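Numbered from 1 within each chain, the chains take letters A, B, ... in sequence-line order. Keep in mind that what you see is a predicted model, and the values were worked out from it rather than measured.
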Amino acid sequence: MIKVNIDLNLCQSHGECVAIAPDLFQLDENDFIVWQEEVDDGRRADLEAAVNTCPMTAISIEG
Amino acid sequence: MRLVIVGASLAGLRAAQAARRAGHDGELVVIGAEPHLPYTRPPLSKELLQGRQELEDSALPVDELDVRWRLSTEATGLDRTRRRVRLRDGAEESYDRLIIATGCRARRFDGPGGGLPGVHTLRTLEDAVALRAALAATHRLLVVGAGFIGCEVAASARSLGLAVTMVDIASHPLAPFGPALGERWAQMHRDHGVELRLGVGLEGLYGDASGARVAGARLSDGSSVDADTVLIALGSTLNNEWLTGAGLELDPAVACDRTLTSTHDPDILAAGDIASVPAALAGGARVRVEHWTTAAEHGQLAGRNALADHAERESHTAPPYFWTDQYDAKIQALGCPALAEETPLLELAPDGTRLVAACVREGRAIGVVAVNAARRLAWYRRALQTPQPLGELAAALAQDGSSLGNPGGARR
Ligand SMILES: Cc1cc2nc3c(=O)[nH]c(=O)nc-3n(C[C@H](O)[C@H](O)[C@H](O)COP(=O)(O)OP(=O)(O)OC[C@H]3O[C@@H](n4cnc5c(N)ncnc54)[C@H](O)[C@@H]3O)c2cc1C
Ligand code: SF4
């Protein structure tokens, strides 16, 4: 499993991560980010794309 | 295989990271004219100028990337037959595959007074440090050019309490978004105390009595504006001179196919602001995007594609996206607003602070502009991949039922 963390002090709700993997990242009614914190290893490529496309470099992954 | 990347900023870094991740185990050289490891530019006109972030915060994480960085090193020529990049110091780097990521620089004002102390442009970290220091001792800032960077700096300077005048030859700020939305941006800046001088151009800058510093500007309508600091924000110029004579197709950016491969040489790819790439929402025409997210996406794809044969390379399909932050408005755009003929509102929140407008050309939506509506933008990213009749988009929106609200009286 890969652990996904988003630094909420940095995230500005750009929604890049949502565009890349809508099943793992969503914006709620108030445009706040919600995400799946434990993700299957098979999704590594999507997670890496999200990490590298987030304009705020708010996303980090572990494992 | 030797992979050489020219340009050590966002697109170049993402390309290097992606190449390593995709298994490139040969040599990897990144050549960059700036003395710094890659950093991110958006905060330079926003958080950094406002004093909410420090220099270190704009560094991009570089990890333990196995790269030979050649910083403070400018490429001055390209010899495709010998597969060499020529460098300023006379040395050369040979490549098997080359990624061009040399981006843009700020356009300067070369009219009278353009070289006076106190006249700034903003593209690099050094520019931001100099401008920040100047603003600390400024009473009135003149911003020449009401594009994205001009508007952001005007907003940042207002948040610091400076008097700000912004001039533009166009009739509205953020001209690529058209006049209807332009009225809103103009009002937003006026509401925040910016003095806007629209439809007038800059004739020249003049110095103080000793001529040691800029003191103001003469405008095309015969008037003048006093200012102790001037930001020239007249857009950008491509860093393409080093490619002159190399036999690549320059339009004037590096013309590429959808796989970011240069049209004349399959061993050369381009990424970021310097790449001109066909976009579905532009009807397949090549566009240059000059925004952060596209540079990051291009870099990742170019790094992977450079390892593959041309026939096996993937296409870049994500629509152009960008954002700008001004005061309490986050403006986000998708697609090709600059090509639109009109921008009817699709959604408007009852309090008027949040909205989505369509960018329409020949009856088809080719993009949207959203204000404080990030979640709605995510919906349009799915709904709008190719040009779409406006009626169909509006019908899909009605079905969806999560609109911010009906714009009602607004022009449809
Ligand atoms: C102040 C500012 C604010 C911005 N804000 C936003 C924003 O809010 N949203 C948004 O979407 N976009 C924004 N942008 C745009 C975004 O930063 C750019 O799209 C992005 O930097 C493009 O990345 P790039 O790597 O393609 O090019 P660049 O960042 O331009 O990097 C090119 C690099 O190549 C180097 N180089 C050039 N020529 C040579 C040569 N001959 N040899 C070696 N090296 C060379 C340059 O020195 C530079 O380091 C902003 C830009 C600025 C300047
Ligand atoms: S891409 Fe980054 S800034 Fe945008 S919503 Fe995701 S985490 Fe937040």
Undergrad: Quick one: what part of B:Pro61 sits under 4.5 Å from any heavy atom of chain A, side chain, backbone, both or neither?
TA: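 Side chain only.
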Undergrad: Quick one: do B:Leu377 and B:Val368 satisfy side chain to side chain contact (heavy atoms under 4.5 Å, CB included)? Show the steps, please.
TA: CA-CA 8 Å; B:Leu377 198 82; B:Val368 292; 3.8 Å; yes
Undergrad: Check whether B:Glu47 gets within reach of chain A through its side chain, its backbone, both or neither, counting any heavy atom under 4.5 Å.
TA: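 Interface part for B:Glu47: side chain.
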Undergrad: Please state whether the side chain, the backbone, both or neither of B:Asp325 comes within less than 4.5 Å of a heavy atom of chain A.
TA: side chain
Undergrad: Given that the side chain runs from C-beta out, which part of B:Leu60 has a heavy atom under 4.5 Å from chain A: side chain, backbone, both or neither?
TA: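 Contact with chain A: side chain only.
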Undergrad: If a pair satisfies salt bridge (Lys or Arg N to Asp or Glu O under 4.0 Å) and one of its residues is in residues 51-60 of chain B, list it, with sequence neighbours excluded.
TA: B:Glu54-B:Arg132
Undergrad: Between B:Thr324 and B:Glu152, is there a side-chain heavy-atom distance shorter than 4.5 Å?
TA: yes
Undergrad: Stepwise, does the side-chain hydrogen bond (donor to acceptor under 3.5 Å, both in side chains) test hold for B:Gln50 with B:Ser156?
TA: CA-CA 6 Å; B:Gln50 295 157 16; B:Ser156 296; 3.0 Å; yes
Undergrad: Hey, what's the ring geometry for B:Phe322 with B:Phe148, parallel, tilted or perpendicular (30° and 60° as the breaks)?
TA: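 Because their plane-to-plane angle is over 60°, the rings of B:Phe322 and B:Phe148 count as perpendicular.
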Undergrad: Could you give the distance from CD1 (B:Ile99) to CD1 (B:Ile5), rounded to the nearest 0.5 Å?
TA: 4.5 Å
Undergrad: Please walk me through it: do B:Leu125 and B:His36 pass side chain to side chain contact (heavy atoms under 4.5 Å, CB included)?
TA: CA-CA 9 Å; B:Leu125 214 47; B:His36 312 283; 4.0 Å; yes
Undergrad: With a 4.5 angstrom heavy-atom cut-off, which part of A:Ala45 approaches chain B: side chain, backbone, both or neither?
TA: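 Interface part for A:Ala45: neither.
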Undergrad: Out of the candidates B:Leu10, B:Leu122, B:Thr124, only one should pair with B:Arg41 under the side chain to side chain contact (heavy atoms under 4.5 Å, CB included) rule; please name it.
TA: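 Among B:Leu10, B:Leu122, B:Thr124, the one that satisfies the side chain to side chain contact (heavy atoms under 4.5 Å, CB included) with B:Arg41 is B:Thr124.
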Undergrad: Are B:Trp379 and B:Leu397 packed together at the side-chain level, in the sense that at least one heavy-atom pair is separated by less than 4.5 angstrom?
TA: yes
Undergrad: Does the side-chain hydrogen bond (donor to acceptor under 3.5 Å, both in side chains) test come out yes or no for B:Thr40 and B:Trp292, once each step is laid out?
TA: CA-CA 9 Å; B:Thr40 189; B:Trp292 198 99; 2.7 Å; yes
Undergrad: How far apart are the C-alpha atoms of B:Arg20 and B:Asp66, what are their side-chain angles, what is the distance that settles it, and do they pass the salt bridge (Lys or Arg N to Asp or Glu O under 4.0 Å) test?
TA: CA-CA 8 Å; B:Arg20 281 290 184 231; B:Asp66 178 16; 3.5 Å; yes
Undergrad: Quick check: under 4.5 Å, non-hydrogen atoms only, which of residues 54-63 of chain A neighbour chain B?
TA: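 Listed by number, the contacting residues are A:Cys54, A:Pro55, A:Met56, A:Thr57.
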Undergrad: If you check every heavy atom in residues 10-19 of chain A against those of chain B, which residues fall under 4.5 Å?
TA: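 Residues of residues 10-19 of chain A touching chain B at under 4.5 Å: A:Gln12, A:Ser13, A:His14, A:Gly15, A:Glu16, A:Val18, A:Ala19.
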Undergrad: Run A:Thr53 and B:Gln300 through side-chain hydrogen bond (donor to acceptor under 3.5 Å, both in side chains) and show every step you take.
TA: CA-CA 9 Å; A:Thr53 315; B:Gln300 293 172 65; 3.0 Å; yes
Undergrad: If contact means a heavy atom pair closer than 4.5 Å, which residues of residues 28-43 of chain A contact chain B?
TA: A:Asp28, A:Glu29, A:Asp31
Undergrad: In Å and rounded to the nearest 0.5 Å, what is the OG to CG distance from B:Ser315 to B:Leu301?
TA: 8.0 Å
Undergrad: Does the plane of the ring in B:Tyr321 sit parallel, tilted or perpendicular to the ring in B:Trp323? Use 30° and 60° as the thresholds.
TA: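 Parallel, since the angle between the ring planes stays under 30°.
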Undergrad: Could you give the distance from CD (B:Gln388) to OH (B:Tyr380), rounded to the nearest 0.5 Å?
TA: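 The CD atom of B:Gln388 sits 10.5 Å away from the OH atom of B:Tyr380.
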Undergrad: Do you know which of B:Glu297, B:Gln332, B:Lys330, B:Arg376 has the most heavy-atom pairs under 4.5 Å to chain A?
TA: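 Heavy-atom pairs under 4.5 Å are most numerous for B:Lys330.
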Undergrad: Given side chains that start at C-beta, do those of B:Cys104 and B:Glu290 come closer than 4.5 Å, heavy atoms only?
TA: yes
Undergrad: Where does B:Ala318 contact chain A at under 4.5 Å (heavy atoms): side chain, backbone, both or neither?
TA: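 No part of B:Ala318 comes within 4.5 Å of chain A.
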